[in-house]
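To find a chain, count down the sequence lines: A is the first, B the second, and so on, and within it residues start at 1.
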There are 2 protein chains.
Amino acid sequence: MFSSTEENYLKAIFNLSVRTKNPVSTNAISQRMNTSAASVTDMLKRLAEKDLINYVKYKGVTLTSTGRKTATMLVRKHRLWEVFLVEQLNFAWDEVHEMAEQLEHIQSEELVNRLDRYLGYPKFDPHGDPIPDANGQFTYRQQVILSELEVGEEAIVVGVKEHSPEFLQFLDRLHLQLGAQVMIQEHFDYDGTMRLKIFPEGEQLVSNKVGQNIYVQKKEK
Amino acid sequence: MFSSTEENYLKAIFNLSVRTKNPVSTNAISQRMNTSAASVTDMLKRLAEKDLINYVKYKGVTLTSTGRKTATMLVRKHRLWEVFLVEQLNFAWDEVHEMAEQLEHIQSEELVNRLDRYLGYPKFDPHGDPIPDANGQFTYRQQVILSELEVGEEAIVVGVKEHSPEFLQFLDRLHLQLGAQVMIQEHFDYDGTMRLKIFPEGEQLVSNKVGQNIYVQKKEK
DNA sequence: GGATTTTTTTAGACTTATCTAAATTTTAAT
DNA sequence: ATTAAAATTTAGATAAGTCTAAAAAAATCC
């Protein structure tokens, strides 16, 4: 249907506009994709021609409903393949991104739906990101940034904001994988470092940068 | 490492030369790939430049050891993915070719080796074709063409020579799937039609064309 | 064994996706 | 409200992979 390149642009636009509904700029896309702004402009014209985006020269782009649907299905495929790689083939959560980046371009709706069923219709991928269902619906979840917790609060790690292998491996070292139960023991105003209790045993100092990149779900007290 | 297109050419050359060791002609490749002879010539130059083939103008091509190794690994990936699709995702044997055609280009040696282990190191794919191991070694098997059997001989269906969905679906209808046990009851010289007993119960007339496209393993008497 | 047919290669063109450099538009600043 | 800076687009080139039509080489046929 669409080339891998076109699909990658759609995904980039989707991810850049998922938070804010504002149009995405040419430069933002070129940075995220490591291409020149000129290449992006060329591609935007093609995508607009195919009715995947709304493009106004010099004003940025938004996805059309077809474009958003296509991007959502790419995200679905990417995340389902990540679940497969981690849960079935026992890859670590920091190893799967590149492979999923290729697998997401495999063309077969039947395949992705069967994979979904095979995996038990998972709602979240190995990094805690929500997996859209066959209709494109995401599961929402009450979550906050770890560093926003107050001293004494308990929470469970449910996701990460950063996905670099370095960060994920560091979290492994800190035993802060998904599902980890933590309690804030101390908060240092000097630089935002926190002292965490990690259940059932263990204690760690985590930097503000780490705390800013972890999503947690507060525990009822 | 190599583009999907380059890989497809290597696979075509491999398959065209796997029986005979003779050089493969430009026309043979263009027919198999549904491209013009001119396109093939262009690509052969590129593949020769990359030391994947030995190319002599007007004389056809053979694979270098690098080329053969690359093609073998593609066949390995293709067939392992077919096993996954059929055994894990419950696709029928006539539905998996196109998907495997895409999946075979996923770049990750670790992935294919883990998939191999996950599937239990299968030696044959859902069509009975041998799957090369991580070293590129194929498993050989004593097999003959069904129509070469004599009246009274018993055998087990172990593979197919033709892979079209039409043929495979027809075999399903005849209950001549892999593993089926058959005995030749009659052989009509008129057009080569055979009357088969299919164990445990069942009897079918099969045309010569069908019989020519099925591999069987003779049963000791 | 020379003429004809078939096969293969070359020449020139097109598409997709990319780039750099130059031109244009928008934004920000004084 | 100009002007300077930043962002974006256009122009022109390149590489991969494809095509058709024409030229060249190889194979085949009396």
Whole angstroms only, please: what is the CD-P distance between Q31(B) and dT7(C)?
8 Å

Verify the distance criterion only: is there a donor paired with an acceptor across the side chains of E162(A) and S164(A) at less than 3.5 Å?
yes

Between atom OH in Y55(B) and atom P in dT7(C), what is the gap in whole Å?
16 Å

Close side-chain approach of V83(A) to Q88(A), heavy-atom, < 4.5 Å
no

Does R114(A) qualify as a cation-pi partner of F91(B), given the criterion of NZ or CZ under 6.0 Å from the six-membered ring centre and within 45 degrees of its axis?
yes

Identify which nucleotide among dC19(D), dT8(C), dT9(D) has an atom closest to any side-chain atom of S25(B), counting heavy atoms from C-beta outward.
dT8(C)

Between C1' of dA27(D) and NZ of K57(B), the distance in whole Å:
18 Å

Report the nucleotide, chosen from dT9(C), dA17(C), dC19(D), that has the shortest atom-to-atom distance to any side-chain atom of A37(B).
dT9(C)

Verify the contact: side-chain N or O of S39(A) to OP1 or OP2 of dC19(C), cut-off strictly under 4.0 Å; return yes or no.
yes

With heavy atoms under 4.0 Å as the rule, sort T5(A) into base, sugar-phosphate or nothing.
sugar-phosphate

T26(B) near the nucleic acid: base, sugar-phosphate alone, or nothing, with a heavy-atom cut-off under 4.0 Å?
sugar-phosphate

Could you state the atom-to-atom distance from CG of D42(B) to P of dA11(C) in whole Å?
11 Å

Out of dT18(C), dT20(D), dG17(D), which nucleotide sits closest to the side chain of S36(B)?
dT20(D)

With the side chain defined as heavy atoms from C-beta on, R46(B) is closest, among dT10(D), dA17(C), dT18(D), to dT18(D)

Quick one: which of dC19(C), dT8(D), dT18(D) gets closest to the side chain of Y9(B)?
dT18(D)

Side chains of T193(A) and D191(A) only: does a donor on one sit below 3.5 Å from an acceptor on the other?
yes

Is it true that T62(A) and N54(A) share a donor-acceptor pair across their side chains at a distance under 3.5 Å?
yes

If you find the nucleotide of DNA chain C closest to A38(B) and the one closest to T35(A), which residue's nucleotide is nearer the 5' end?
A38(B)

Among the nucleotides dA17(C), dC19(D), dT10(C), whichever has the atom closest to the side chain of T41(B) is dT10(C)

Let's see if you can work this out: which of dT18(C), dT26(C), dA25(D) has an atom nearest to the side-chain heavy atoms of Y58(B)?
dA25(D)

Round to the nearest Å and state the distance from I29(A) atom CD1 to dA7(D) atom C1'.
13 Å

Between A28(B) and E6(A), the residue closer to the 5' end of DNA chain C by nearest nucleotide is A28(B)

Could you check how far CG of N27(A) sits from C1' of dA5(D), rounded to whole Å?
13 Å

Whole-Å distance between dA15(D) C1' and M43(B) CE?
12 Å

For the pair made of CZ in F2(B) and P in dG17(D), what is the distance, rounded to whole Å?
12 Å

Examine the side chains of D129(B) and H163(B) and answer whether a donor and an acceptor come within less than 3.5 Å of each other.
yes

For S3(B) and dG17(D), is the shortest distance between a side-chain N/O and OP1 or OP2 below 4.0 Å?
yes

Starting from the 5' end of DNA chain D, give me the residue, S4(B) or V56(A), whose nearest nucleotide shows up first.
V56(A)

